[in-house]
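Here's the structure we're looking at; comments come further down.
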There are 2 protein chains.
Amino acid sequence: MSAYAPNTHERASVAVDLAVLTVMDADLKVFLVRRNTHPFKNLWALPGGFVQAGRGAHLGEDLAAAARRTLRTTTGLPNGAGRLAQLQTFGRSERDPRGRTISVSWTALVPPDRAALIQVTDAREGWFSCAEEVPWMRLAFDHADILHAAIDRTRADIEYTNLAFSLVPSTFTVGELRDVHEAVKGSKHDARNFRRRFQRLVDDDKVEEAPGRRHLGRARPAKVWRFKAGLQ
Amino acid sequence: MSAYAPNTHERASVAVDLAVLTVMDADLKVFLVRRNTHPFKNLWALPGGFVQAGRGAHLGEDLAAAARRTLRTTTGLPNGAGRLAQLQTFGRSERDPRGRTISVSWTALVPPDRAALIQVTDAREGWFSCAEEVPWMRLAFDHADILHAAIDRTRADIEYTNLAFSLVPSTFTVGELRDVHEAVKGSKHDARNFRRRFQRLVDDDKVEEAPGRRHLGRARPAKVWRFKAGLQ
DNA sequence: GCAATAGTGTCTGTTAGACAATATGAC
DNA sequence: GTCATATTGTCTAACAGACACTATTGC
């Protein structure tokens with residue numbers, strides 16, 4: 001940034017776009033909204049919004065603040081209900097026919113109990129299966145690229161981060177945690193080997209037993225656990 | 001991006017800023033330029049530039065194209081001489097006193113033989129040690145944050161990617177490759193264990209022997225190798 | 001001979017992957 | 001009793017870390 005040369009560069013609109021992900025029914029799902037305005041009217045899109053301008057004494061919004069606000073206003077979830085992480089910035093000059101728009105994309109991981117609270121008021125928003133539905137959908141702008149990047153990143157990160165704990169309720173069973181791994185990876189885990197890795201987290205005091213048991217269907221009830229270490 | 005509301009968002013300048021890294025003398029170094037204009041005049045900064053506007057039939061520059069151009073014009077290296085990877089986008093509203101500026105930051109890994117070709121014409125640009133010098137320097141804008149993010153990312157990625165091969169010449173010795181790992185990690189490796197990991201790359205046909213030998217000082221000459229698998 | 005780096009092999013502990021049997025509760 | 005899931009243990013292969021010696025050159 002050696003010189004300020006307003007003639008040689010245009011100023012661009014800056015948007016944040018969110019890949020809001022959750023795991024429901026052992027399936028990775030993304031929250032999409034249907035556009036009701038030009039361009040790409042009636043196509044499904046990632047929820048997003050423009051970074052707010054500063055007015056008066058205000059200096060304008062942080063990128064992270066814009067992402068938080070967008071998650072809040074498009075899903076109705078309170079701040080902090082999802083884990084936001086900056087993903088990648090997309091800026092192809094033709095990506096928005098209205099004019100030069102830079103999209104700073106984020107992943108937002110939402111636990112399923114929070115996701116269930118999102119009021120799907122009409123047919124203009126909803127959850128879609130990343131494995132079954134999304135590959136057949138045409139998304140607005142370059143949102144298909146963004147979504148694929150988000151899924152790839154999540155898939156890579158779940159191996160060596162605590163990200164999976166952002167996709168289960170605050171207390172959970174080993175089976176629920178395994179479902180999250182399997183939904184994100186798209187492949188099955190050996191339940192015994194998974195349990196052994198989980199046991200190491202217990203031994204390392206990353207996870208503790210929570211009161212109660214939980215059982216679905218007519219199976220044996222499972223112990224309930226809570227993640228202790230700080231998220232991240 | 002549900003609606004286009006020009007009144008509620010400002011248009012921002014979009015810059016690319018580059019953490020140009022190389023390993024020289026077994027030390028991780030970054031290329032910095034000294035600003036000769038307001039703001040932060042005379043402070044050291046990452047090389048950067050604004051994303052070019054479209055004019056006439058041109059639609060304006062891609063973000064990656066802007067990064068390539070900035071690397072070329074600030075270092076004199078031809079396109080393709082460095083490995084560019086998008087890092088993170090910084091957008092604190094007060095990060096540039098001239099007005100709202102979004103910085104899409106990149107790491108550029110340059111092999112040392114290319115880095116040596118960069119003409120350091122005057123005292124307004126040069127290579128600085130990330131371990132010895134950078135921690136004591138005040139950089140322009142939030143470039144210290146960007147540089148730390150670049151170093152952290154490089155340090156994390158070198159463990160499980162082929163990134164190190166972008167920091168050695170096209171043919172190299174095992175010792176040179178080990179120097180790169182040690183410079184990036186900031187810690188020593190056991191030469192025997194490192195050689196064993198390297199041997200696996202040879203067995204997997206990722207690396208092949210190149211003609212000749214290379215020796216520095218009065219030590220035994222080392223075999224010379226070439227990375228076979230495509231970069232990345 | 002001395003200094004300096006290149007190059008090789010062993011032992012041990014950790015981890016992942018493959019694999020089967022028993023336990024518990026709903027129905 | 002049947003069904004469905006929870007829970008536990010063994011064997012093997014791959015890999016990392018610690019560690020010592022010989023080989024080859026310049027001086």
Side-chain angles (χ1 to χ4, degrees), chain A residues 23 25-27 155-156 158-162 164 168-169 171-226, chain B residues 23 25-27 155-156 158-162 164 168-169 171-226:
Chain A
V23 173
D25 310 321
D27 188 31
R155 192 167 291 168
I158 201 170
E159 300 279 5
Y160 63 100
T161 69
N162 298 134
V168 286
T171 66
F172 54 88
T173 69
V174 177
E176 288 166 344
L177 193 65
R178 181 159 39 83
D179 280 347
V180 166
H181 276 84
E182 291 178 349
V184 170
K185 296 292 299 294
S187 62
K188 290 286 179 192
H189 279 270
D190 181 282
R192 292 163 286 190
N193 294 336
F194 188 87
R195 191 55 163 79
R196 176 179 47 188
R197 274 208 309 278
F198 183 81
Q199 189 59 41
R200 268 198 287 276
L201 297 181
V202 179
D203 296 342
D204 293 352
D205 216 36
K206 303 278 178 61
V207 134
E208 64 182 0
E209 207 167 339
R213 305 202 134 220
R214 190 173 299 168
H215 64 104
L216 294 89
R218 48 183 172 173
R220 169 178 170 183
K223 286 183 188 165
V224 177
W225 305 87
R226 181 185 291 116
Chain B
V23 173
D25 309 321
D27 189 30
R155 192 168 290 168
I158 202 169
E159 300 280 4
Y160 63 100
T161 70
N162 297 134
V168 286
T171 65
F172 54 87
T173 68
V174 177
E176 288 166 343
L177 191 66
R178 181 160 37 84
D179 280 346
V180 166
H181 276 84
E182 291 178 350
V184 170
K185 297 292 299 293
S187 62
K188 290 287 178 191
H189 279 270
D190 182 282
R192 291 163 289 189
N193 294 336
F194 188 87
R195 191 56 163 79
R196 177 179 47 189
R197 274 208 309 279
F198 183 82
Q199 188 59 43
R200 267 198 289 274
L201 296 181
V202 179
D203 295 342
D204 293 350
D205 217 35
K206 303 279 178 58
V207 135
E208 65 182 1
E209 207 167 337
R213 303 202 136 219
R214 191 172 298 168
H215 65 106
L216 295 89
R218 49 181 173 174
R220 170 178 169 181
K223 286 183 188 164
V224 176
W225 305 88
R226 180 184 294 114

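Source: prediction; values computed, not measured. To find a chain, count down the sequence lines: A is the first, B the second, and so on, and within it residues start at 1.
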**Asked** Within this structure, what is the CZ-to-P distance between Phe198(B) and dG9(C), rounded to whole angstrom?
**Response** 16 Å
**Request:** Would you mind telling me which residue lines up with the more 5' stretch of DNA chain D, Asp190(A) or Arg220(A), judged by nearest nucleotide?
**Result:** Arg220(A)
**Message:** Taking the nucleotide of DNA chain C with the nearest heavy atom to each, does Asn193(B) or Glu176(B) sit closer to the 5' end?
**Reply:** Glu176(B)
**Request:** Can you tell me the distance, in whole Å, between the NZ atom of Lys185(A) and the P atom of dA16(C)?
**Result:** 12 Å
**Message:** Please give me the minimum heavy-atom distance between Arg213(A) and Pro221(A), naming the atom from each residue.
**Reply:** NH1-O, 3.4 Å
**Distance below 4.0 Å between Arg178(B) side-chain N/O and dA6(C) OP1 or OP2** = yes
**Distance in angstrom units between Arg218(B) CZ and dC2(C) C1', rounded** = 7 Å
**Spacing between Leu201(A) atom CG and dT14(C) atom C1', to the nearest angstrom** = 15 Å
**Request:** May I ask you to say what Arg214(B) touches in the nucleic acid, namely base, sugar-phosphate or nothing, with a heavy-atom cut-off under 4.0 Å?
**Result:** nothing
**Prompt:** Expressed in angstrom and rounded to an integer, what is the separation of Asp203(B) atom CG from dT8(C) atom C1'?
**Reply:** 14 Å
**Complete:** Separation of dA6(D) atom C1' from Glu209(A) atom CD, nearest Å, is 13 Å
**Prompt:** Lys223(B) NZ to dT8(C) C1': how many Å, rounded?
**Reply:** 10 Å
**Request:** Only one of Glu176(A), Glu209(A), Glu208(A) passes side-chain contact (heavy atoms from CB on, under 4.5 Å) with Trp225(A); say which it is.
**Result:** Glu209(A)
**Request:** Have a look at Arg213(A) and say if it touches a base, only the backbone sugar-phosphate, or nothing, with a 4.0 Å heavy-atom cut-off.
**Result:** nothing
**Prompt:** How would you label the contact of Arg197(B) with the nucleic acid (heavy atoms, under 4.0 Å): base, sugar-phosphate, or nothing?
**Reply:** sugar-phosphate
**Asked** Quick one: which of dA20(D), dG9(D), dT15(C) gets closest to the side chain of Arg192(A)?
**Response** dG9(D)
**Prompt:** Is Asp190(B) reaching over with its side chain to a backbone N or O of Arg192(B), donor-acceptor style, under 3.5 angstrom?
**Reply:** yes
**Complete:** Whole-Å distance, Arg195(A) CZ to dA6(D) P, equals 10 Å
**Request:** Indicate yes or no for a side-chain donor-acceptor contact from Arg155(A) to the backbone of Val184(A) under 3.5 Å, with no hydrogens or angles considered.
**Result:** yes
**Request:** May I ask you to say what Arg196(B) touches in the nucleic acid, namely base, sugar-phosphate or nothing, with a heavy-atom cut-off under 4.0 Å?
**Result:** base
**Asked** Knowing that exactly one of Glu182(A), Gln199(A), His189(A) qualifies, which makes a side-chain contact (heavy atoms from CB on, under 4.5 Å) with Phe194(A)?
**Response** His189(A)
